[in-house]
2 protein chains.
Amino acid sequence: METLIRFSTDELGLEAFKPKSRSIDNLPRISSSTEQLFALCGIESRQNLNSSIHKFLHVRIKAGRHIYLSNDKCEMIYLVYSGFLKSTWADTNGNEKVLSFPMKGEMVGLDGIAHGKFANSLKALTDSELIAIPLQFCKGQNIESEIFRNHMISVMSQQLVNEQKSSFIISSLPVDAKVAKFLLSLSFKFKSLGYSEKSFLLRMSREEIGSYLGVSLETVSRTISGLCTIGVLKKNNRSIEIMNFDALKKLKRLPMGVTYKATVRSKKARNPKAHRAVEPEKPPT
Amino acid sequence: METLIRFSTDELGLEAFKPKSRSIDNLPRISSSTEQLFALCGIESRQNLNSSIHKFLHVRIKAGRHIYLSNDKCEMIYLVYSGFLKSTWADTNGNEKVLSFPMKGEMVGLDGIAHGKFANSLKALTDSELIAIPLQFCKGQNIESEIFRNHMISVMSQQLVNEQKSSFIISSLPVDAKVAKFLLSLSFKFKSLGYSEKSFLLRMSREEIGSYLGVSLETVSRTISGLCTIGVLKKNNRSIEIMNFDALKKLKRLPMGVTYKATVRSKKARNPKAHRAVEPEKPPT
DNA sequence: CGCATAGTTGAGGAGACTCAATGGGCGTGG
DNA sequence: CCACGCCCATTGAGTCTCCTCAACTATGCG
């Protein structure tokens, strides 16, 4: 997460508010060297690598298409090079849940390693480009493989923690806080990638947000509208502008319905709507 | 999960219904060899290992005590040798959420690898014994370390998937189904370990179950009581007997509140309490 | 220029939460 | 050995959040 590096930042990633234009210097590569791969991963290596041995192919994928589906054989894992993705899991009844929205620099497909086939599906929300990393490489005995493997272990560990965090959010916070946290985490990611943390475009539908957060799409819509009403946000369809970070951050740590062992259960919680929103802060005018 | 092996099954694990008695042949070891470690992990290796090089110390821990706390330095990961544990995560406000209930054969502490300190806390629900695996060993260059590392990667991948599954359960299913799934997964685990899948003792409180499932403790209690009423379960405090596996399994796949893109939203859902329980099946008399 | 998809908003209801009181088990101490 | 107290579990009553259904609007695409 923090290991994301500012690597040719403007390359792609968010073409944010100028969709579909692609200037000539933004042309994607066909393949990356080990060094390039490592740089994008955020691996700092003091070893002198034999950069020419391995070439990692880039995979381009159109918006709306799947990179892989659940149960597909897993022979590669991927590093997001550009674009916005969506990872989902489906139960046996075909009910889908969105698990994450991978962006540039993130590794995807790690769920496929255990059994040699993917547990999740991965879909492109925008035209995207991924670097394919053969499992073979991950398992290799050479120095590059070993360095990468160590990194991979670290990433998996981190992903585990992230899953747990979002599990907490999903199960313990009221909608307002869920949405606030979601927007803040997006904002943080954008910032890490060198884009505006203040205004950005949601690449996913309300329904997808809802699925991710474990609430209905209407509730997501209402919550975002509510945040606009109290002046914390401005929205225009999928474009979001954060007007008041502090309020949003405060919101995210407000009481909860379901919390286990709430240390001191705030008596203010009795006051209806106490956690519904931050103090309107003297609504603008 | 499926890789759990039947390794000296009766050793400890569940002393189930005869608490606090410990027969002489149940005495825990002080340390394990690589082979023993691998066996408990479920690693099958055709290589001839130098079993005597590494010794893995066992850590014994009393019920109610912590093995590690969030932010503790992570120098070891652990393999559960016996007993029942609880892993929790706490946000900055001190609100805890239960993440898992590790049992024999499960690896814990993998969340600590990324940053060298644990993200979660681990507590013993019963007297337990863990095998400590130094990170040093995990990172080693010898053949034993490499085999173990591969296994560890696989385990992490699997844990990632499991997290995602339970995230789905938490966010998408009604309480009844949550509890049903929970009990079934416990039952399955017990069976894997060679114990009764039909009747067992819950080692955790209603509150802990609630935290794990993202519902209140009262709701857990009510749901379990409800399952008893319709004859699917028998309970006596923390001891559970499953009377009707099919009903429980059916229950777990019933409609849901929050489902994202429910393929065909069953119209029966309009019927109040449609998912409240399975058909009472002509309640016993 | 409509049709389809996505988003908004309202009304009403159901599930699950909170608060509160009761009862059972178990350990401790008189 | 019983009594007391503590913790956990159960159950009830009332309420609130969030869901569902539904109608309407905006946006984008052919």
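The sequence lines fix the lettering, A, B, ..., with proteins before strands; numbering per chain opens at 1.
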Can you check the B:L213 CG to C:dA16 C1' distance for me, whole Å?
-> 14 Å

Rounded to whole Å, CG of A:L227 lies from P of C:dT8 at a distance of 12 Å

Between A:R222 and D:dC18, does any side-chain N or O lie under 4.0 Å from OP1 or OP2?
-> no

Just how far, in rounded Å, is P of C:dG7 from CD1 of A:I209?
-> 8 Å

C:dT8 P sits how many Å from A:E207 CD, rounded?
-> 13 Å

Heavy-atom closest contact (A:S225 atom, A:K235 atom, distance) = OG-NZ, 3.5 Å

Sugar-phosphate, base or nothing in reach of A:R238, heavy atoms under 4.0 Å = sugar-phosphate

Take A:N237 and B:T219, find for each the nucleotide of DNA chain D with the closest heavy atom, and name the residue whose nucleotide sits nearer the 5' end.
-> B:T219

Of the candidates C:dG7, D:dT10, C:dA16, the side chain of B:D176 sits closest to C:dA16

Please state whether the rings of B:Y78 and B:Y68 are parallel, tilted or perpendicular, taking 30° and 60° as the class boundaries.
-> parallel

From CD1 of B:I170 across to C1' of C:dG15 the rounded distance in Å is 18 Å

Heavy-atom closest pair (B:F190 atom, B:S196 atom, distance to 0.1 Å) is CB-O, 3.6 Å

Indicate whether OP1 or OP2 belonging to D:dC8 is found under 4.0 Å from a side-chain N or O atom of B:S205.
-> no

Comparing A:N236 and A:E218 on DNA chain D - which has the more 5′ nearest nucleotide = A:E218

Determine: side-chain N/O of A:K235 to OP1/OP2 of C:dT8, distance under 4.0 Å, yes or no.
-> yes

Nearest whole angstrom, please: distance from the C1' of C:dA6 to the CG of A:L201.
-> 14 Å

Send over the distance from A:I224 CD1 to D:dC18 P, rounded to a whole Å.
-> 15 Å

Please confirm whether B:Y195 and B:F200 have ring centers closer than 6.0 angstrom.
-> no

Among the nucleotides C:dT8, D:dC18, D:dT27, whichever has the atom closest to the side chain of A:P174 is D:dC18

Are the aromatic ring centres of A:F101 and A:F84 under 6.0 angstrom apart?
-> no

Starting at CZ of B:R206 and ending at P of C:dC17, how long is that distance when rounded to a whole Å?
-> 15 Å

Distance check: side-chain N/O of A:S221 vs OP1/OP2 of C:dA6, anything under 4.0 Å?
-> no

